[in-house]
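These figures come from a predicted structure and were not determined experimentally. Just so it is clear: chains get the letters A, B, ... in the order the sequence lines come, proteins before strands, and each one is counted from 1.
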There are 2 protein chains.
Amino acid sequence: MTDAVDIRILEAISADARATLAQLSDKVGLSVSAVQTRLRKLESTGVITGYRPVVDPEALGKPLAAFIEITPLDPGQPDDAPERLSHLSEIEACHSVAGDSAYMLFVRVASPRDLEALIRDIRLAASVNTRTTIVLQTFFENRPIAPGGPRD
Amino acid sequence: MTDAVDIRILEAISADARATLAQLSDKVGLSVSAVQTRLRKLESTGVITGYRPVVDPEALGKPLAAFIEITPLDPGQPDDAPERLSHLSEIEACHSVAGDSAYMLFVRVASPRDLEALIRDIRLAASVNTRTTIVLQTFFENRPIAPGGPRD
DNA sequence: CGTGAAAACCGAATCAG
DNA sequence: CTGATTCGGTTTTCACG
């Protein structure tokens, strides 16, 4: 479904999602038209589901990040935590996990006080216990996909 | 540094980072020129540090995600784990954290076997113990920044 | 599935108001 | 910041290999 050329296009557009077709064409070594056709297909088949800027969290007033693991208070309930939490915009990611807890959240807030409020909101909204791990420093995230990637 | 209008631009371009200045202009209610000026400033001041596509991990052949917490074997060593690990393209994010372990990694691999190999690579490269939490399902991540955001 | 070229469109840059 | 202008680059489409 996605061949080696598609991967090269994904690598190129991953370095700069606002790159023009001509720029992608250069990097990939295909004609502009071919790149356009393939890129459209990558979008329509759901390989690429959107484009986002990488925004400095501090500039948005949210310098504090944390992982929050949550566990249902009552193990025998309709477990719809993700839907119950999706309205909280401070939650950037929500994964169900195999481990000590049921879900792992990644959140960003403005201050410790806001983190406290968010944790309370999460507990109330999803009927869960929480275990929070504060992020002290982020060394990297949102990396472009590696040219070459893992050894194949 | 970033006022309310900048936030609106960030929200708009967060929904589609390939949007044209005219499209952003519509959403924000400013002229194209003003949007252009502000967007350039957001880029040059480091508020926006790049643009990325949102790519389906399965399409890239990496359906398995995990969190890996790492702890130095020897607490009295030059702690340069992030640099020692940055060459591993399977590691998407690396945060230092306050909690049971020193760092939290987020990784994506093709298979359990590749995860095993990655964990070994991490242990050898950074002289650390690891604690891995497998992701069973991702409900959301890479969400556009919320129109309105947290209640102000 | 790729190329290349023509035509329509859009973005960058500039400037007066 | 707006609105207008100009130029150059980009997207799009299409005929062809």
Quiz prompt | D/dT12 to C/dA12 separation - P atoms, rounded to the nearest Å | solution = 16 Å

Quiz item: Can you name the side-chain hydrogen bond (donor to acceptor under 3.5 Å, both in side chains) partners of A/Thr133, sequence neighbours left out?
Solution: none

Practice problem: List in numerical order all residues of residues 11-18 of chain A for which some heavy atom is under 4.0 Å away from an atom belonging to DNA chain C. | Solution: none

Self-check item: Atom CD of B/Gln137: over 12 foreign heavy atoms under 6.0 Å
Solution: yes

Exercise. Could I get the full list of ring-ring contact (aromatic ring centres under 6.0 Å, His included) partners for B/Phe140, not counting sequence neighbours?
Key: none

Quiz item: What are the residues of residues 39-53 of chain A, sorted by number, that bring a heavy atom to within less than 4.0 Å of DNA chain D?
Solution: A/Arg40

Quiz prompt | Nearest-0.5 Å distance that lies between atom OG in B/Ser14 and atom CZ in B/Arg143 | solution = 11.0 Å

Practice problem: Spell out, yes or no, whether B/Leu105 and B/Val128 are grouped together once hydrophobic residues are joined by side-chain heavy atoms under 4.5 Å, including indirect joins. | Solution: yes

Quiz item: Taking the hydrophobic residues Ile, Leu, Val, Met, Phe, Trp and Tyr, and joining any pair whose side-chain heavy atoms are under 4.5 Å apart, which ones share a cluster with B/Val54?
Solution: none

Practice problem: Toss me the dot-bracket line for DNA chain C: Watson-Crick and G-U wobble, both under 3.5 Å, 5' to 3', using | for pairs to another strand and [ ] for crossers. | Solution: |.||||||||.||||||

Exercise. State plainly whether the residues A/Asp3 and A/Arg8 are in salt-bridge range, i.e. N to O under 4.0 Å.
Key: no

Quiz item: ring-ring contact (aromatic ring centres under 6.0 Å, His included): which pairs involve residues 117-138 of chain A, sequence neighbours left out?
Solution: none

Quiz item: Roughly how many Å is it from CD in B/Gln36 to P in C/dT14, rounded to a whole number?
Solution: 10 Å

Quiz item: Nearest-Å distance, CD (A/Gln23) to P (C/dA12)?
Solution: 11 Å

Quiz prompt | Nearest-Å distance once atom C1' is located in both C/dG17 and D/dC7 | solution = 23 Å

Quiz prompt | Over 12 non-hydrogen atoms of neighbours within 6.0 angstrom of CZ in B/Arg18 | solution = yes

Quiz prompt | Pairwise P distance for C/dA13 and D/dT11, with rounding to whole Å | solution = 16 Å

Exercise. Return the residues of residues 25-35 of chain A meeting this criterion: a heavy atom under 4.0 Å from some atom of DNA chain C. Order them by number, or give none.
Key: A/Leu30, A/Ser31, A/Ser33, A/Ala34

Quiz item: Which pairs count as ring-ring contact (aromatic ring centres under 6.0 Å, His included) when at least one residue sits in residues 55-91 of chain A, sequence neighbours excluded?
Solution: A/Phe67-A/Phe106, A/Phe67-B/Phe67, A/Phe67-B/His95

Quiz item: Please, which pairs that meet ring-ring contact (aromatic ring centres under 6.0 Å, His included) have at least one residue in residues 17-50 of chain B, sequence neighbours excluded?
Solution: none

Practice problem: Please report the C-alpha distance between A/Thr130 and A/Arg123 in whole Å, then the side-chain angles of each, then the deciding distance to 0.1 Å, and finally whether the side chain to side chain donor-acceptor pair (under 3.5 Å) criterion is met. | Solution: CA-CA 7 Å; A/Thr130 63; A/Arg123 282 204 263 245; 3.2 Å; yes

Exercise. Output every pair passing side chain to side chain donor-acceptor pair (under 3.5 Å) with a member in residues 44-65 of chain B, not counting sequence neighbours, ordered by first then second residue.
Key: B/Glu43-B/Tyr51

Quiz prompt | Start and end of chain A contact along DNA chain D [non-hydrogen atoms, under 4.0 Å] | solution = D/dT10 to D/dT13

